[in-house]
Amino acid sequence: MKAQDIMSRPVMTLCPGHSIAHAAQTLIDNRISALPVMDDDASLVGMVTEGDLIRHLEIGPRPLSDLTAPEALNDFIKAYSWRVGDVMTAPVITVDPEATVEEVAALLRTHKIKRVPVVSGGLVVGIVSRRDLLNVIARLKPEAIATGDDALRLCVSARLNEAFHLSSRPTVAVVNGVIHLGGTIRDEAERRVIKVIVDGVPGAGGIEDRMEVAGASAGPTA
């Protein structure tokens, strides 16, 4: 599933010259938490979020005599300017319509953001939010329970192959429903990750851990 399959559209936008009062009222009226900011050429130049507008109040008055550091000047502008262009967040992280939901989810988590505009040909065509991703999770159907040792082994291997962040893949064998893991792994943290992935496979009758940590002198854990 891709960003274009789950994104919200059409997209409401603001201009840099709009007032922050207009921006706040637009968010309230439409029950949304952020809006893209577009210039006269329909190019994305920023995002205005609830956090940006609340920060406008949070900063509070700053004496003119205190405007000595660059960050103080920036705070003063954000505290006193009425223009969206002065309080918006920029630059903006975006995704392509072809980005997978896994890539979008990783992007939101890594950058600690709640939504991301979907841009195609320089134009904003949609927005994917955390709520859109939750809707995907809510629609997921339970996986069919694998039957037989060969089916379990294929299921475990497929899940491990999807874990692109692993340094290496353990060997997998299944005997009477018990999953036997072997081979060399990077560290104990990777061991825990692998066991969490494997433990979620339906139909498994247990895990036999024979994985070894690279460079470790101790034997594998049971």
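Below, all heavy atoms of this structure are taken into account, side chains as well, without hydrogens, waters or symmetry copies. Starting from 1, each residue takes its place in the sequence as its number.
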**Prompt:** Pairs in or reaching into residues 193-214: which pass ring pair (Phe, Tyr, Trp, His ring centres under 6.0 Å), with residues at least two apart or in two chains?
**Reply:** none
**Fill in**
For residues 12-54, the ring pair (Phe, Tyr, Trp, His ring centres under 6.0 Å) pairs (sequence neighbours left out) are H18-H22
Please tabulate, for side-chain N and O atoms in residues 8-16, each donor-acceptor pair with protein atoms closer than 3.5 Å (sequence neighbours left out).
{"residue": "S8", "atom": "OG", "partner": "D132", "partner atom": "OD1", "Å": "3.2"}
{"residue": "S8", "atom": "OG", "partner": "D132", "partner atom": "OD2", "Å": "3.3"}

List in chain and number order the residues that pass salt bridge (Lys or Arg N to Asp or Glu O under 4.0 Å) with [X], two or more places apart in sequence or in another chain; answer none if no residue qualifies.
X	result
R83	D86
E98	K2
R130	none

Of all residues at least two apart in sequence or in a different chain, which pass the side chain to side chain contact (heavy atoms under 4.5 Å, CB included) check with [X]?
X	result
V101	M1, I6, L133
D187	A189, E190
L27	I32, L35, E50, L53

**Request:** Without swapping roles, check the side chain of T171 against the backbone of G182 for a donor-acceptor pair under 3.5 Å.
**Result:** yes
**Request:** For the pair D199 (side chain) and K195 (backbone), establish whether a donor and an acceptor sit closer than 3.5 Å, ignoring hydrogens and angles.
**Result:** no
**Prompt:** If every non-hydrogen atom of P97 is compared with every non-hydrogen atom of V125, which pair is closest and at what distance?
**Reply:** CG-CG2, 4.3 Å
**Complete:** Note: L152 and P202 closest approach over all heavy atoms is CD2-O, 3.5 Å
**Item:** Partner of R191 by side chain to side chain contact (heavy atoms under 4.5 Å, CB included), out of V196, L181, V213
**Value:** V213
**Request:** For atom CZ of R131, decide whether the heavy atoms of other residues, nucleotides or ligands shown that lie under 6.0 angstrom number more than 12.
**Result:** no
**Asked** Rounded to the nearest 0.5 Å, how far does CD of E212 lie from CD1 of I185?
**Response** 9.5 Å
**Message:** Does anything in residues 174-184 form a side-chain hydrogen bond (donor to acceptor under 3.5 Å, both in side chains)? List the pairs, not counting sequence neighbours.
**Reply:** none
May I have the list of side-chain donor-acceptor pairs in residues 105-120 shorter than 3.5 Å, sequence neighbours left out?
{"residue": "T110", "atom": "OG1", "partner": "A106", "partner atom": "O", "Å": "2.8"}
{"residue": "R115", "atom": "NH2", "partner": "S33", "partner atom": "OG", "Å": "2.5"}

**Item:** Residue pairs, two or more places apart or on separate chains, that pass salt bridge (charged side-chain N to carboxylate O under 4.0 Å, His left out) and touch residues 22-41
**Value:** none
